[in-house]
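What follows is a set of notes on a single structure, which appears directly below.
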Amino acid sequence: MTRPVRLLLFTQTLGCETCLQTRQILDELLPLSDKITIEEVNLVLEPEKAKHYGVDRAPAIAMTYEDGEMRDSRIRFLGAPAGYEFVSLVQAVLLVGGRASTLSAESLRRIGAVGTSVTLRVFTTPSCPHCPRAVSLAHEMAFASPHITAYAVEATEFPDLARRYMVTGVPKTVVNDEVEILGALPPDAFVEQALAPFTIGH
């Protein structure tokens, strides 16, 4: 890691069964690097901060990093990043902390052509071995564009969201409620399919 990463953990005292578990998971990262810090934010007491990061439920994680000033990576987790999703969490921290993108030049060009707000929601479960691939791709897309925000959503923790987006299997990626991607596609195909309606000249 070449730059400091701050994990904003949105919690609430009541009605959040996995808030403590999420904090314990994040605490496991602290010994790995002195560049990682955690800031706990009460969703109820600091609604403006939650709104700023597009968070309306707990537990949630938003990642920021220092690059001359604190910047938002537009990488989010909704629910505890447990099981296989711990892999996604580590990958996101490394990416935000300075690891080079794994996306191809063509994919980065497509991402660079996005000129409108795009939100990716990747639905996961802790027992899904293919989910981290889809989550990491979505997070890389968000980190590469100021117009893209990517949420990893733990489907079993938020059944209302799973129902709203008709999630019957994971990983399932929903882009701006317009595009649905089932399963974990190869990187270039994932980027192309996700951004097809939002890029000019494709």
Side-chain angles (χ1 to χ4, degrees), residues 1-11 16 18-41 43 49-50 52-55 57-103 107-108 111 119-155 157-158 170-171 173 184 187 190-191 194:
M1 291 177 65
T2 58
R3 56 186 171 228
V5 175
R6 178 176 295 168
L7 305 172
L8 300 177
L9 171 59
F10 292 87
T11 67
C16 182
T18 58
C19 278
L20 179 61
Q21 180 195 5
T22 304
R23 176 70 206 223
Q24 290 168 340
I25 290 169
L26 293 190
D27 282 342
E28 290 180 30
L29 296 174
L30 293 177
L32 303 180
S33 172
D34 60 2
K35 288 187 164 60
I36 301 171
T37 55
I38 300 167
E39 178 187 334
E40 211 162 299
V41 182
L43 191 68
K49 197 164 198 172
H52 174 77
Y53 287 100
V55 170
R57 54 188 68 215
I61 301 161
M63 285 194 192
T64 61
Y65 63 100
E66 202 168 312
D67 188 16
E69 58 182 289
M70 288 307 287
R71 299 178 186 275
D72 183 7
S73 69
R74 298 167 304 283
I75 288 174
R76 308 283 187 265
F77 287 86
L78 296 183
Y84 281 105
E85 278 315 291
F86 186 69
V87 175
S88 302
L89 178 67
V90 172
Q91 294 282 10
V93 169
L94 291 174
L95 176 67
V96 175
R99 192 205 73 204
S101 172
T102 63
L103 297 172
S107 284
L108 288 170
I111 292 164
T119 301
L120 293 94
R121 291 179 178 85
V122 185
F123 287 88
T124 70
T125 61
S127 59
C128 164
H130 304 294
C131 287
R133 209 163 83 209
V135 169
S136 292
L137 275 172
H139 283 163
E140 286 221 28
M141 290 170 66
F143 195 60
S145 168
H147 300 292
I148 301 174
T149 304
Y151 294 80
V153 184
E154 214 284 73
E157 271 189 66
F158 301 114
V170 290
T173 305
F190 183 90
V191 172

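- Across all non-hydrogen atoms, the minimal contact from Ser107 to Pro187 is OG-O, 4.2 Å.
- Here the side chains of Pro81 and Ser88 are not in contact, with every heavy-atom distance at 4.5 Å or above.
- Within the 4.5 Å cutoff, no side-chain heavy atoms of Arg121 are placed close to those of Leu78.
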Determine all donor-acceptor pairs shorter than 3.5 Å in which one atom belongs to a side chain in residues 141-149; sequence neighbours excluded.
from	atom 1	to	atom 2	distance (Å)
Ser145	OG	His147	N	3.0

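- Side chains of Leu89 and Met63 form a contact here, defined as non-hydrogen atoms less than 4.5 Å apart.
- Under the side chain to side chain contact (heavy atoms under 4.5 Å, CB included) rule, Leu29 has a single partner from Val93, Val5, Ile38, Thr37, which is Val93.
- Taking the six-membered ring for Trp and thresholds of 30 and 60 degrees, His139 and Phe77 have ring planes more than 60 degrees apart, a perpendicular arrangement.
- The CZ atom of Arg3 sits 11.0 Å away from the CD atom of Glu66 when rounded to the nearest 0.5 Å.
- To the nearest 0.5 Å, atoms CG (Leu20) and CD1 (Ile25) are separated by 10.0 Å.
- Classification of Glu39 and Lys49 as a salt-bridged pair holds, one side-chain N sitting under 4.0 Å from a carboxylate O.
- At least one side-chain heavy atom of Met70 sits less than 4.5 Å from a side-chain heavy atom of Arg6.
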| message | Would Leu103 and Leu137 count as a side-chain contact (heavy atoms from CB on, under 4.5 Å) here? Give the steps. | response | CA-CA 8 Å; Leu103 297 172; Leu137 275 172; 3.7 Å; yes
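- The shortest heavy-atom contact between Cys128 and Pro171 is SG-CD, 3.8 Å.
- Tyr151 contributes atom OH, which lies 12.5 Å from atom CD1 of Ile75 (distance to the nearest 0.5 angstrom).
- Note that CG of Leu30 is 14.5 Å distant from NZ of Lys35, once rounded to the nearest 0.5 Å.
- For the salt bridge (Lys or Arg N to Asp or Glu O under 4.0 Å) condition, the pairs that include at least one residue of residues 75-103, sequence neighbours left out, are Asp72-Arg76, Arg99-Glu140.
- Residue Phe86 qualifies as enclosed at atom CZ: its count of foreign heavy atoms under 6.0 Å is above 12.
- One finds the CZ atom of Arg74 at 11.5 Å from the OG1 atom of Thr119 (value rounded to the nearest 0.5 Å).
- Of the inter-residue distances, the one linking Asp67 atom CG with Ser73 atom OG reads 12.5 Å to the nearest 0.5 angstrom.
- Between the side chains of Glu157 and Thr18, at least one donor N or O sits under 3.5 Å from an acceptor N or O.
- Between Pro126 and Glu154 there is a side-chain heavy-atom pair separated by less than 4.5 Å.
- When side chains are defined from C-beta on, Tyr65 does not count as touching Leu95, because their heavy atoms never get closer than 4.5 Å.
- A heavy-atom distance below 4.5 Å is not found between the side chains of Leu9 and Val41.
- Taking every heavy atom of both residues into account, Ala60 and Val55 meet most closely at CB-CG1, 3.5 Å.
- Taking all atoms of both residues into account, the shortest heavy-atom contact from Ala155 to Phe123 is CB-CD2, 4.2 Å.
- Residue Cys131 is tested with Val170, Val87, Val122 for a side chain to side chain contact (heavy atoms under 4.5 Å, CB included); the sole match is Val170.
- Taking the side chain as every heavy atom from C-beta outward, Tyr53 and Phe10 approach each other to under 4.5 Å.
- Counting only distance, with no hydrogens or angles, the side chain of Thr2 and the backbone of Gly97 share a donor-acceptor pair below 3.5 Å.
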